[in-house]
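Convention: sequence-line order gives letters A, B, ...; per-chain numbering from 1.
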Number of protein chains: 2
Amino acid sequence: MGRLKEFDEDKAIDGAIDCFWARGYEATSVRDLAEHMGIGGASLYNAYGGKRALFATALERYADRTSRQRIARLEETGRPKEAIRTFFAELIDRSLADPQRRGCLFVNSALDVAPHDAELGKAVAGYLDEVRAFFQRCIVAAQAAGGISARLDAVETSHHLLGVLVGMRVLARTHASRETLEAVARPALQLLDVPVARPGKGKR
Amino acid sequence: MGRLKEFDEDKAIDGAIDCFWARGYEATSVRDLAEHMGIGGASLYNAYGGKRALFATALERYADRTSRQRIARLEETGRPKEAIRTFFAELIDRSLADPQRRGCLFVNSALDVAPHDAELGKAVAGYLDEVRAFFQRCIVAAQAAGGISARLDAVETSHHLLGVLVGMRVLARTHASRETLEAVARPALQLLDVPVARPGKGKR
DNA sequence: AGTATTTTGTATCACTCGCTCTAGAATTGT
DNA sequence: ACAATTCTAGAGCGAGTGATACAAAATACT
């Protein structure tokens with residue numbers, strides 16, 4: 001019983017994601033949000049509880065729609081080493097293709113809200129660790145399949161790759177060029193190409 | 001002629017840096033600034049022109065007092081490879097020692113201000129490139145002295161190191177542990193340790 | 001139909017924002 | 001002493017902030 005919602009919840013959340021993504025948490029006002037979500041201010045508070053709760057919801061939706069979906073798509077191919085390589089290639093393409101240079105919502109949030117909100121900070125750290133865990137799974141799988149040297153520390157390398165990913169996302173916001181971003185990534189990706197087994201036999 | 005300034009300009013700018021560093025540009029109010037700088041709001045506008053101009057001044061002072069000074073100190077030792085290593089070691093120590101987890105003012109600004117202010121964005125990119133140029137000089141010097149393999153691309157590696165540095169600064173704000181930060185940095189530093197000359201003769 | 005329940009639009013709350021105005025205090029030159 | 005100049009303190013500006021109050025509108029259940 002009761003009156004039905006008149007707006008599309010998915011479209012609304014997408015609008016909220018766009019706002020937070022482009023301007024950050026603090027700089028986004030509730031009125032901006034409501035306008036981009038196509039709803040009134042009262043509906044926003046009625047449906048989502050407030051700005052902070054809406055942000056948490058938007059973060060979770062972004063994780064599902066953007067991060068996890070891409071990870072799943074790449075992991076399904078069954079080519080773990082290529083998955084990492086493609087992940088970074090797509091990252092560069094997306095960073096350069098976005099005229100707003102929004103970067104990554106997680107990375108932006110890590111600087112914007114995480115230091116001042118322990119709860120949201122933990123959530124952001126968790127989302128970032130999902131990406132790191134994806135790297136780790138890819139490395140372990142590639143090592144099992146013989147595509148990556150077993151001498152590489154999978155955990156350490158996954159942390160390194162996440163660090164490089166985060167750095168690239170930040171640099172992309174200062175209008176870094178494709179050449180710059182590729183230069184940042186290349187040494188990390190070449191890590192995965194150390195000779196796999198017999199020492200003394202280079203790949204080149 | 002005229003009344004003399006009653007406050008210490010250096011102390012005032014330091015207070016401004018602290019504010020911007022801890023809370024970011026947008027989240028810092030002029031009233032917060034004035035209080036931490038020990039001056040009144042009118043004096044702030046009289047002496048620095050306004051919030052944005054004060055931020056630019058603070059950025060420049062931070063570059064001089066923190067970034068360039070550390071670079072000069074490390075470069076004076078004449079041990080370029082060790083300079084890079086020490087730079088990252090100090091970065092980790094400083095990141096963990098700061099209870100506020102403020103990270104790096106440049107990195108924070110790259111996400112907070114750069115995308116919405118082209119002029120300040122260029123300044124931030126310039127400051128970050130000073131650090132990258134330091135890495136490049138160290139690599140070139142170490143290659144000339146025989147400490148780093150000449151096969152390493154100095155420009156590419158300097159971009160990579162800057163990317164890793166930026167990533168570490170961001171991750172440090174989400175309360176990353178020493179182990180995590182060292183794991184992010186280690187593969188990048190090991191890049192500098194590839195066998196220097198004669199192929200076929202490993203270092204280990 | 002009638003009632004309970006939920007959503008929606010509008011108006012508004014107290015508060016903070018960056019910034020400016022004005023009056024007075026402090027200095028130097030004549 | 002007096003004028004000219006610069007700095008300081010505090011009040012206050014219009015605009016915008018997150019959040020709420022309230023009544024009209026729309027639904028489901030009896």
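Spacing between atom CD of B:Glu9 and atom C1' of D:dT6 amounts to 13 Å, rounded to whole angstrom units. If you measure from atom CG of B:Leu44 to atom P of D:dC7, you get 13 Å, rounded to the nearest angstrom. Between the CZ atom of B:Arg23 and the C1' atom of C:dT16 there is a distance of 14 Å, rounded to whole Å. Rounded to an integer number of Å, the gap from B:Phe55 CZ to C:dC19 P is 14 Å. In this structure, the NZ atom of A:Lys51 is 4 Å from the P atom of D:dG18, given to the nearest Å. The CG-C1' distance, from A:Asn46 to D:dA19, rounds to 13 Å in whole Å. The separation between B:Glu35 atom CD and D:dA9 atom P is 13 Å, rounded to whole Å. Summarising the geometry, the separation between OH on B:Tyr45 and C1' on C:dC21 is reported as 13 Å, rounded to the nearest angstrom.
In this model, the phosphate group of D:dG16 is not approached by any side-chain N or O of A:Ser29 to a distance below 4.0 Å at OP1 or OP2. The phosphate of C:dT8 has OP1 or OP2 within less than 4.0 Å of a side-chain N or O from A:Ser43.
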*Can you list the steps and then say if B:Tyr62 with B:Tyr127 is a ring pair (Phe, Tyr, Trp, His ring centres under 6.0 Å)?*
CA-CA 10 Å; B:Tyr62 175 88; B:Tyr127 293 133; 8.6 Å; no
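A salt bridge links A:Arg65 with A:Asp14: at least one charged nitrogen is closer than 4.0 Å to a carboxylate oxygen. At a threshold of 4.0 Å, the pair B:Arg68-B:Glu60 counts as salt-bridged, since one of the basic side-chain nitrogens sits closer than that to a carboxylate oxygen.
Each of D:dG18, D:dT8, C:dT8 was ranked by its minimum atom distance to the side chain of B:Glu6; first place goes to D:dT8. Of all nucleotides listed (D:dG10, C:dT8, D:dT17), D:dG10 comes nearest to the side chain of B:Ala42.
The nearest heavy atom of DNA chain C to B:Gly2 and to B:Gly50 marks one nucleotide each, and the one closer to the 5' end goes with B:Gly50. Each of B:Arg3 and B:Asp32 was assigned the nucleotide of DNA chain C with the nearest heavy atom; the assignment lying further toward the 5' end belongs to B:Asp32.
A donor-acceptor contact under 3.5 Å links the side chain of A:Arg31 to the base of D:dG18.
Of the N and O atoms on the side chains of A:Arg132 and A:Gln136, at least one donor lies less than 3.5 Å from an acceptor on the other residue.
The aromatic rings of B:Tyr25 and B:Phe20 lie parallel to each other, with less than 30° between the two planes, well short of the 60° mark.
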